[in-house]
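The following block contains the structure, expressed as structure tokens.
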Amino acid sequence: MVPMRKLQSLVREFALRRGIEPPGPDDQGVFEIGFDPDLRVRCFEWFENLHLVSRLAMPPDPPMQRREWFGRLMNYALHRMKRSRSTPGLSDDGSVTLFARSKLAGMTASDFEAQIEEHLNSVDSYRYVLGAAEPPAPLETLPHSIVRP
């Protein structure tokens, strides 16, 4: 198993590059990085993999809207399946989250930064498809470094 200090050093370097206070792990070893009030990435190590989890949205309440909403979610997940590390899932509170996984061994700070950026772009895309956000910026207009208020 990769020691948690590997992930901790990656999170620390990521935060220092952005000029923010490096978050510490919670009692379960999860680091949470906030980008916007409603955009947070939870990072943790499990079975030698880096796991990234972010909340997408809460499904709508009326059953007919919920069915259509989950249909869009599943169709989009199927569409992205071959080219994305991201997988949607349900949280204990009923909200839909986006989950991504990659090997932690050998990961550099730049690799970690790229994983976070890819995850954030996926969150933006899913939120747009679900009607929970504005259209994401085209990939060619996104800066190499993540700049979020």
Side-chain angles (χ1 to χ4, degrees), residues 1-4 6-11 13-15 17-18 23 25-26 28-149:
M1 184 181 282
V2 177
M4 186 175 71
K6 169 71 174 178
L7 178 56
Q8 190 164 16
S9 70
L10 291 171
V11 170
E13 179 64 27
F14 179 82
R17 288 180 179 191
R18 294 205 158 34
D26 65 12
Q28 296 178 348
V30 177
F31 296 85
E32 187 171 276
I33 304 170
F35 295 92
D36 292 327
D38 67 333
L39 183 52
R40 308 190 83 60
V41 178
R42 295 173 48 83
C43 311
F44 60 93
E45 182 267 330
W46 194 39
F47 292 107
E48 300 179 14
N49 288 303
L50 167 66
H51 298 264
L52 305 174
V53 180
S54 294
R55 181 182 167 137
L56 289 177
M58 200 65 150
D61 195 31
M64 288 307 290
Q65 285 182 1
R66 186 178 303 138
R67 181 182 171 138
E68 178 186 324
W69 191 87
F70 273 111
R72 280 196 319 269
L73 173 68
M74 293 294 100
N75 284 329
Y76 190 61
L78 181 63
H79 168 74
R80 291 177 49 98
M81 190 167 70
K82 290 184 180 179
R83 59 183 169 84
S84 176
R85 302 173 211 259
S86 302
T87 304
L90 287 174
S91 290
D92 292 339
D93 68 356
S95 65
V96 174
T97 60
L98 194 61
F99 170 81
R101 179 183 70 192
S102 56
K103 288 284 183 197
L104 189 56
M107 186 175 285
T108 66
S110 294
D111 296 334
F112 181 75
E113 186 173 35
Q115 294 297 314
I116 295 286
E117 185 171 2
E118 180 182 325
H119 182 74
L120 293 173
N121 290 337
S122 292
V123 168
D124 284 345
S125 295
Y126 270 95
R127 285 183 173 178
Y128 174 66
V129 166
L130 296 174
E134 295 298 313
L139 289 177
E140 61 273 6
T141 65
L142 294 173
H144 177 68
S145 297
I146 303 163
V147 179
R148 300 214 178 221

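None of the values given here were measured: they were computed from a predicted structure. What's counted below: heavy atoms across the whole structure, side chains too, no hydrogens, waters or symmetry copies.
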H119: side-chain hydrogen bond (donor to acceptor under 3.5 Å, both in side chains) partners, not counting sequence neighbours: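 Per chain and number, H119 pairs via side-chain hydrogen bond (donor to acceptor under 3.5 Å, both in side chains) with S54.
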
Any pair counted as salt bridge (charged side-chain N to carboxylate O under 4.0 Å, His left out), so long as it reaches residues 86-105, sequence neighbours left out: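 Non-adjacent pairs meeting salt bridge (charged side-chain N to carboxylate O under 4.0 Å, His left out): R55-D93.
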
CG/L120 to CG/L98 distance, rounded to the nearest 0.5 angstrom?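 If I round to the nearest 0.5 Å, the distance is 10.0 Å.
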
Salt bridge check: are E113 and R18 linked by an N-O gap of less than 4.0 Å?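 Yes, E113 and R18 are salt-bridged.
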
Which atoms form the tightest heavy-atom contact between I116 and V41, and what is the distance?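 Nearest pair, atom of I116 first, then V41: CD1-CG1, 4.1 Å.
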
Salt bridge (charged side-chain N to carboxylate O under 4.0 Å, His left out) partners for E13, two or more places apart: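 Once residues adjacent in sequence are excluded, the partners of E13 under the salt bridge (charged side-chain N to carboxylate O under 4.0 Å, His left out) criterion are R17.
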
Euclidean distance, Q28 CD relative to R42 CZ, rounded to 0.5 Å: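 Reported value, rounded in 0.5 Å steps: 7.5 Å.
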
Tell me the closest heavy-atom pair linking H51 and E45, and the distance in Å.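 H51 and E45 have their closest heavy atoms at CD2-C, 4.4 Å.
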
For a quick test of reading the model, state the closest non-hydrogen atom pair linking G94 to P59 and the distance between them.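 Smallest interatomic distance, heavy atoms only, reads O-CD, 3.2 Å.
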
Using the ring-ring contact (aromatic ring centres under 6.0 Å, His included) criterion, which residues pair with F70? Sequence neighbours excluded.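 F70: no ring-ring contact (aromatic ring centres under 6.0 Å, His included) contacts found.
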
Sequence neighbours excluded - salt bridge (charged side-chain N to carboxylate O under 4.0 Å, His left out) pairs with any residue from residues 70-82: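 For residues 70-82, and leaving out neighbouring residues, the salt bridge (charged side-chain N to carboxylate O under 4.0 Å, His left out) pairs sorted by first residue read E68-R72.
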
Can you sort out the partners of Q65 under side-chain hydrogen bond (donor to acceptor under 3.5 Å, both in side chains), two or more places apart, ordered by chain and number?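 With neighbours one apart ignored, the set is empty.
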
Would you call the rings of F35 and F14 parallel, tilted or perpendicular, taking 30° and 60° as the class edges?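 Plane angle over 60°, so perpendicular.
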
Qualifying residues under side-chain hydrogen bond (donor to acceptor under 3.5 Å, both in side chains), relative to D26, sequence neighbours excluded: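 Scan of D26 (side-chain hydrogen bond (donor to acceptor under 3.5 Å, both in side chains), adjacent residues dropped) gives none.
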
Using the side-chain hydrogen bond (donor to acceptor under 3.5 Å, both in side chains) criterion, which residues pair with R67? Sequence neighbours excluded.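 Scan of R67 (side-chain hydrogen bond (donor to acceptor under 3.5 Å, both in side chains), adjacent residues dropped) gives none.
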
Quick one: pull up CG in L130 and CE in M58 and give me the separation to the nearest 0.5 Å.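 The CG atom of L130 sits 13.5 Å away from the CE atom of M58.
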
Decide yes or no for L104 and L10: does some side-chain heavy atom of the first lie under 4.5 Å from some side-chain heavy atom of the second?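 Counting from C-beta outward, L104 and L10 do come under 4.5 Å.
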
Rounded to the nearest 0.5 Å, what's the gap from CD on Q115 to CG on L52? Could you check?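 Here the rounded value is 7.0 Å.
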
Listed partners of A15 passing side-chain contact (heavy atoms from CB on, under 4.5 Å), at least two apart: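 Scan of A15 (side-chain contact (heavy atoms from CB on, under 4.5 Å), adjacent residues dropped) gives I20, P22, P23.
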
Give, for atom CG of L7 and atom SG of C43, the distance between the pair rounded to the nearest 0.5 Å.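 Here the rounded value is 6.5 Å.
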
What is the distance from atom CG of D124 to atom CG of L39, rounded to the nearest 0.5 Å?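 Those atoms lie 7.0 Å apart.
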
Check salt bridge (charged side-chain N to carboxylate O under 4.0 Å, His left out) between D38 and all other residues, then give those that pass, not counting sequence neighbours.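 With sequence neighbours excluded, D38 shows a salt bridge (charged side-chain N to carboxylate O under 4.0 Å, His left out) to R127, given in chain and number order.
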
Test V123 against L56 for side chain to side chain contact (heavy atoms under 4.5 Å, CB included), laying out the working first. CA-CA 7 Å; V123 168; L56 289 177; 4.0 Å; yes

Please report the C-alpha distance between V96 and L90 in whole Å, then the side-chain angles of each, then the deciding distance to 0.1 Å, and finally whether the side chain to side chain contact (heavy atoms under 4.5 Å, CB included) criterion is met. CA-CA 5 Å; V96 174; L90 287 174; 3.7 Å; yes

Expected output: side-chain S84 to main-chain M81 donor-acceptor under 3.5 Å: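 Side chain of S84 to backbone of M81, a donor-acceptor pair under 3.5 Å: no, none is there.
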
Donor-acceptor pair, distance only, cut-off 3.5 Å: does the side chain of R40 make one with the backbone of I33?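 Absent.
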
Can you name the nearest heavy-atom pair linking A77 to Y126, along with the distance?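 Taking A77 first and Y126 second, the nearest heavy atoms are CA-OH, 3.2 Å.
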
